[in-house]
Each structure stands twice: as structure tokens, then as C-alpha cells.
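Counting starts at 1 for both ligands and their atoms, following the listed order.
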Amino acid sequence: MKKSLHLLSAVAMSAAVMFIGFNASAVELRGSHKANQVACKSCHTKGMKQAGTTEGCLSCHESYDAVRALTEKNHPELEVNPHMDGHLGELDCTDCHHIHKPSEVVCSECHQFGFTAP
Ligand code: HEC
Ligand code: HEC
Ligand code: HEC
Ligand code: HEC
């Protein structure tokens, strides 16, 4: 009995280790935030148990106007600016930009503007 309990806890422990390993890779930063070693808390302004916030993004990226202007400058070829104050209003940055996993563009549900969100 004692022996099988022992075995059971060994199994449970390796499962826990696997789980931690899985989580650690799930929270890796991507792109420039990784390169610039952006601190977790600068995005996770509501604590580490909540997702990063638009408020956090704007502490570095300034404002919607600033991001809109940056896109206009760097991508004059775009017919529509994904950062426009459009019929959905000004969305949360993280509606499109995911930080730990590939991003998505909510506009693509209905339009084909050829965007790819970094
Ligand atoms: C501590 C400052 C900081 C915070 C907070 C921050 N960023 Fe950034 N972000 C940067 C820097 C620095 C770059 C690189 C700019 C450059 O290379 O010109 C960048 C680049 C980007 C890029 C361009 C893609 C890329 O990876 O190069 C996107 C998109 C972006 N940030 C979105 C966000 C969003 C969304 C948030 C909030 C969830 C956020 N950022 C929070 C500093 C920050
Ligand atoms: C509707 C989806 C969407 C939302 C919401 C959004 N973005 Fe973007 N963003 C994009 C797309 C798409 C691109 C890439 C445009 C392209 O080059 O095709 C981009 C590009 C960027 C870039 C790189 C600009 C450049 O050319 O160097 C930054 C920085 C950025 N976004 C930050 C933000 C921040 C900060 C917010 C919130 C204030 C935000 N974005 C909200 C879709 C979005
Ligand atoms: C540039 C902004 C930003 C930085 C820096 C950042 N996070 Fe996040 N984090 C987010 C956002 C936004 C989400 C919500 C999910 C998403 O969009 O990727 C999130 C989600 C998470 C989650 C929930 C699991 C998940 O993948 O959804 C964990 C855990 C987490 N972050 C941990 C961290 C840790 C640890 C660090 C520092 C190493 C960190 N984050 C740095 C923005 C950030
Ligand atoms: C739920 C569906 C839906 C989503 C999501 C959506 N749109 Fe639209 N959009 C529409 C409809 C419907 C119209 C009006 C039909 C038309 O004029 O073609 C429209 C019209 C537009 C127009 C004017 C007409 C055109 O095609 O040039 C622009 C610009 C636009 N949307 C941009 C955006 C952007 C940017 C996003 C993402 C931030 C977005 N839309 C998300 C449904 C959507």
C-alpha cells in the first residue's frame, strides 16, 4: 500500500513538472518586446493574474493617434489603417495584438484588407 502511494505521488509530481514546463513556454514574449526585454508588469498593470491592458500598452506606445501615425508613416501602402477610429470605435490593443501567441485581426471576420498583425 505504502509503495503504491509512493508511486502515485511520483507520477503526480512528474505531471506537475510537465505542467509548469508547458506554462513557461506559453508565456514567452515575442518580437520586439522580447528583444527589448519589456518587463511583465509594464503590461500586466492589473497584476499577474489578469491579461495585459491597453493602459499598459499606452504607457510606451503613447496613444491611438501616435500608433495610427506610425502605421501611416511605415505602411503608406495600406488603404485602411487598422488603428482607425472606425465603426467599432477604438478597440483594446489586445483584441488584435496577442503578446504570447500569434495575433489576429478582428476586422478580418468581415473584411479582407490584407492586414497581418505583428
Ligand atoms: C515597456 C514599453 C512597452 C510596453 C508596455 C508595450 N510595448 Fe509594444 N513595443 C515596445 C518597443 C520598444 C517596441 C519596438 C519598437 C521599435 O522597434 O521601434 C514595441 C513594438 C510593438 C509592436 C510592433 C511589433 C513588434 O513586435 O515589433 C506592437 C504590435 C506592439 N509593440 C504592441 C504592444 C501592445 C499591444 C502592448 C500592450 C499589451 C505593448 N506593445 C506594450 C515597447 C512596449
Ligand atoms: C483591429 C486590430 C488592431 C488593433 C485593435 C490594434 N492594432 Fe496595432 N496593428 C494592427 C495591424 C494589422 C498592424 C500591422 C499593419 C500592417 O503593417 O499591415 C498593426 C501594427 C502595429 C504596430 C507596428 C506599427 C509599425 O508599422 O511600426 C504597433 C506599434 C501597434 N500596432 C500597436 C498597437 C497598439 C499600442 C494598439 C492599441 C492602442 C493597437 N496596435 C491596436 C492591428 C491592430
Ligand atoms: C507587452 C505586454 C506584455 C508583457 C511584457 C507580458 N505580458 Fe503576459 N499577457 C499580455 C497579454 C495582452 C495577455 C493576454 C493574452 C494575450 O493576448 O497574449 C497576457 C497573458 C499572460 C498570461 C496568461 C496566459 C496566456 O498566455 O494567456 C500569463 C501567465 C502571462 N501573461 C505572464 C507574463 C509574464 C510572466 C511576463 C513576463 C515574462 C509577461 N506576461 C509579459 C501582455 C504582456
Ligand atoms: C462584424 C463585421 C465587421 C467587422 C468586424 C468590421 N467591419 Fe468594417 N464594415 C462592416 C460593414 C457591414 C460595413 C458597411 C458595408 C460597406 O460599406 O462595405 C463596413 C464598412 C467599413 C469601412 C467603409 C467601407 C470600406 O470597406 O472601405 C471601413 C473603412 C471599415 N469597415 C473598416 C473596418 C476596420 C478597420 C475593422 C476592424 C477594426 C472593421 N471594419 C471591422 C462590417 C464589419
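Shortest contact from atom 6 (C) of ligand 4 to any protein heavy atom: His87 CE1, 3.3 Å. His111 NE2, 3.5 Å is the protein heavy atom nearest to atom 10 (C) of ligand 4. From the protein, the heavy atom lying nearest to atom 18 (O) of ligand 2 is Leu78 CD1, 3.8 Å. The single protein non-hydrogen atom nearest to atom 28 (C) of ligand 4 is Phe113 CZ, 4.2 Å, given as residue, atom name and distance.
At a 3.5 angstrom cut-off on N or O pairs, His98 counts as close to ligand 3. Where the criterion is an N or O separation shorter than 3.5 Å, residue side chain and backbone included, His75 meets it with respect to ligand 2. Remark: ligand 4 and Glu109 share no N or O pair separated by less than 3.5 Å (distance only, no angle test). Considering backbone and side-chain N/O of Asn74, one or more are found under 3.5 Å from N/O of ligand 2.
Residue Leu88 holds the heavy atom nearest to atom 41 (C) of ligand 4 of all those in Asp85, Val80, Leu88, Asp95. Closest to atom 14 (C) of ligand 3 by heavy atom, among Gly31, Ala51, Ser42, is Ala51.
Across every non-hydrogen atom of Asn81 and Phe115, the tightest pair is C-CZ, 4.3 Å. Closest approach of His33 to Leu29, counting heavy atoms only: O-CD1, 4.0 Å. In terms of heavy atoms, Thr45 sits closest to Ser42 at CG2-O, 3.8 Å. Residues Pro118 and Ser103 share a closest heavy-atom pair of O-OG, 3.1 Å.
Residue Ala39 touches ligand 3 through its backbone alone, judged by heavy-atom distances below 4.0 Å. Contact annotation for Thr94 and ligand 3: only side-chain heavy atoms (C-beta onward) come within less than 4.0 Å of the ligand. Both the backbone and the side chain of Ile99 come within contact range of ligand 3, each with a heavy atom under 4.0 Å. The part of Thr116 lying near ligand 2 is the backbone, judged by heavy-atom distances below 4.0 Å.
Here the side chain of Tyr64 pairs no donor or acceptor atom with the backbone of Leu58 at under 3.5 angstrom. Here the side chain of Thr54 pairs no donor or acceptor atom with the backbone of Asp92 at under 3.5 angstrom.
Under a hydrophobic clustering in which Ile, Leu, Val, Met, Phe, Trp and Tyr are joined whenever their side-chain heavy atoms come within less than 4.5 Å, directly or via other members, Val105 and Met84 fall into the same cluster.
Near Phe115, with a cut-off below 4.0 Å to any heavy atom, the atoms of ligand 2 are 12 (C). Listed by atom number, the atoms of ligand 3 under 4.0 Å from Val38 heavy atoms are 5 (C). Residue-ligand proximity, Val106 to ligand 4, at heavy-atom distances under 4.0 Å covers atoms 5 (C). If you number the atoms of ligand 3 from 1 as listed, the ones under 4.0 Å from a heavy atom of Val27 come out as 28 (C), 29 (C), 30 (C), 32 (C). Interface atoms of ligand 3 facing Leu29, defined by a heavy-atom separation under 4.0 Å, are 4 (C), 5 (C), 6 (C), 41 (C). The contact set between ligand 4 and Cys110, taken as ligand atoms under 4.0 Å from a residue heavy atom, comprises 1 (C), 2 (C), 3 (C), 4 (C), 5 (C), 42 (C), 43 (C). The distance from ligand 2 to the heavy atoms of Asp92 drops below 4.0 Å at these ligand atoms: 5 (C). Near His61, the atoms of ligand 2 lying under 4.0 angstrom from a non-hydrogen atom of the residue are 29 (C), 35 (C). Within the listing of ligand 2, atoms 24 (C), 27 (O) sit less than 4.0 angstrom from a heavy atom of Leu70. Close approach of ligand 2 to Leu58 is summarised as follows: ligand atoms under 4.0 Å from at least one heavy atom of the residue are 38 (C). Heavy-atom contacts of His33 reach the following atoms of ligand 3: 1 (C) (cutoff under 4.0 Å).
Within the structure, every pair that satisfies the salt bridge (charged side-chain N to carboxylate O under 4.0 Å, His left out) test and touches residues 57-67, not counting sequence neighbours, is listed here: Asp65-Arg68.
Here Cys107 does not reach atom 8 (Fe) of ligand 4: none of its N/O/S atoms is less than 2.8 Å from the metal.
By the definition of a contact as any protein heavy atom under 4.0 Å away, atom 39 (C) of ligand 4 is in contact. Within the 4.0 Å cut-off (strictly below), no protein heavy atom is located near atom 24 (C) of ligand 4. By the definition of a contact as any protein heavy atom under 4.0 Å away, atom 3 (C) of ligand 4 is in contact.
Between the NE2 atom of His100 and the NE2 atom of His44, the angle taken at atom 8 (Fe) of ligand 3 works out to 180° after rounding to 10°.
Other residues, nucleotides and ligands contribute more than 12 heavy atoms inside 6.0 Å of the CD atom of Glu77. Annotation for Glu90: atom CD counts as buried by contact number, over 12 foreign heavy atoms lying within 6.0 Å.
The aromatic rings of His44 and His100 sit parallel to each other, their planes meeting at less than 30°, with 60° as the upper class boundary.
Inside a sphere of radius 2.8 Å centred on atom 8 (Fe) of ligand 2, the protein N/O/S atoms present are His83 NE2, His97 NE2.
Judged by the shortest distance from any of its heavy atoms, Met48 lies inside the 4.0 Å radius around the atoms of ligand 3.
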